[in-house]
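To start, the structure under review is shown below, and the notes come after it.
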Amino acid sequence: MSKHQIILDLPAWVDELVDWQKVYQNDDDKMALAVELSKQNVLRGTGGPFGSAIFDISSGKLVSVGVNRVMPLHNSTAHGEMMAIMLAEHNIQSFSLSADGVKRELFTSCEPCAMCLGGTLWSGVKRLVCAATADDARAIGFDEGPVYDSSYEYLKNAGVEVVRLVQRDAANAVLQHYVSDGGTIYNG
């Protein structure tokens with residue numbers, strides 16, 4: 001590999017877990033996928049306790065998924081949300097997930113850190129749905145950066161609907177398992 005090339009990839013198990021043909025009917029089904037991705041990432045030792053998925057809002061069709069790959073890829077930007085956003089943009093061949101007029105939504109197992117919140121805005125998704133809270137992530141030692149209530153207001157004012165606390169307990173259980181099992185807090 002060239003020193004001028006970066007390869008970011010998801011673990012091979014993702015294609016074994018994800019049913020790419022399934023139509024997801026509701027927020028609980030969509031969030032269940034994001035949380036299961038985070039859980040499997042921890043259980044299989046392929047990254048941190050965060051998972052995300054991007055869907056077409058009107059059809060419920062899955063566009064992409066992402067899991068945290070910071071440590072295995074030696075890349076501090078390889079968060080679950082960023083991986084899902086980059087793969088979705090690649091899949092639709094656009095730097096904007098709304099440029100083609102299709103509304104898309106990002107489901108994430110934990111409220112985004114400062115970087116991922118910015119990435120959410122710039123990605124063009126029209127809806128952000130979160131499970132565990134930033135306080136849940138902070139409680140186990142992760143530093144989520146400068147994210148404030150006004151950050152979410154900014155998203156809302158930019159046309160992004162924000163829904164929080166969908167399956168929080170299940171997602172927080174993944175965070176708790178990660179830390180109790182000795183998972184590395186890589187930015188604490």
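It should be emphasised that the depicted structure is a prediction, and the values quoted were computed from it without experimental measurement.
- When every heavy atom of Val63 is checked against every heavy atom of Ala88, the shortest pair comes out as CG1-CB, 3.8 Å.
- Applying the side-chain hydrogen bond (donor to acceptor under 3.5 Å, both in side chains) test to pairs two or more places apart or on separate chains, those with a residue in residues 78-91 are Glu81-Thr108.
- Of all the heavy atoms in Cys110 and Ala137, the pair that sits closest is SG-CB, 3.9 Å.
- Residues Val35 and Ala171 come closest through the heavy atom pair CG2-CB, 3.9 Å.
- The one candidate from Ser38, Ser52, Pro49 that meets the side-chain contact (heavy atoms from CB on, under 4.5 Å) condition with Ser109 is Ser38.
- Note: the hydrophobic cluster containing Leu165 does not contain Val163 (ILVMFWY, side chain heavy atoms under 4.5 Å, direct or indirect links).
- Asp9 and Arg69 make their closest contact through O-NE, 2.9 Å (heavy atoms, listed as atom of the first residue, atom of the second, distance).
- For the pair Asn75 and Ile6, the tightest heavy-atom approach, listed with the atom from each and the gap, is ND2-CG2, 4.3 Å.
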Requested in this report: Please report the C-alpha distance between Leu128 and Leu155 in whole Å, then the side-chain angles of each, then the deciding distance to 0.1 Å, and finally whether the side chain to side chain contact (heavy atoms under 4.5 Å, CB included) criterion is met.
Outcome: CA-CA 9 Å; Leu128 169 65; Leu155 278 181; 3.9 Å; yes
Report task. Verify side chain to side chain contact (heavy atoms under 4.5 Å, CB included) between Thr77 and Met82, making sure each step is shown before the conclusion. Result -> CA-CA 7 Å; Thr77 66; Met82 299 305 292; 5.5 Å; no
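- Between Asn41 and Thr46, the closest heavy-atom pair is OD1-OG1, 2.5 Å.
- Considering only residues two or more places apart in sequence or on other chains, Phe55 meets the ring pair (Phe, Tyr, Trp, His ring centres under 6.0 Å) condition with Tyr24, Phe107.
- Neither side chain, Asp100 nor Ser98, offers a donor N or O lying under 3.5 Å from an acceptor on the other.
- A donor-acceptor pair is defined here as one N or O able to donate and one able to accept, closer than 3.5 Å; no such pair exists between the side chain of Tyr186 and the backbone of Phe142.
- Under a hydrophobic clustering in which Ile, Leu, Val, Met, Phe, Trp and Tyr are joined whenever their side-chain heavy atoms come within less than 4.5 Å, directly or via other members, Trp122 and Val147 fall into the same cluster.
- Hydrophobic cluster membership differs between Val102 and Leu106, with clusters built from Ile, Leu, Val, Met, Phe, Trp and Tyr side chains linked at under 4.5 angstrom.
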Requested in this report: Give the intermediate values and the outcome of side chain to side chain contact (heavy atoms under 4.5 Å, CB included) for residues Tyr178 and Ile185.
Outcome: CA-CA 9 Å; Tyr178 180 76; Ile185 306 300; 4.1 Å; yes
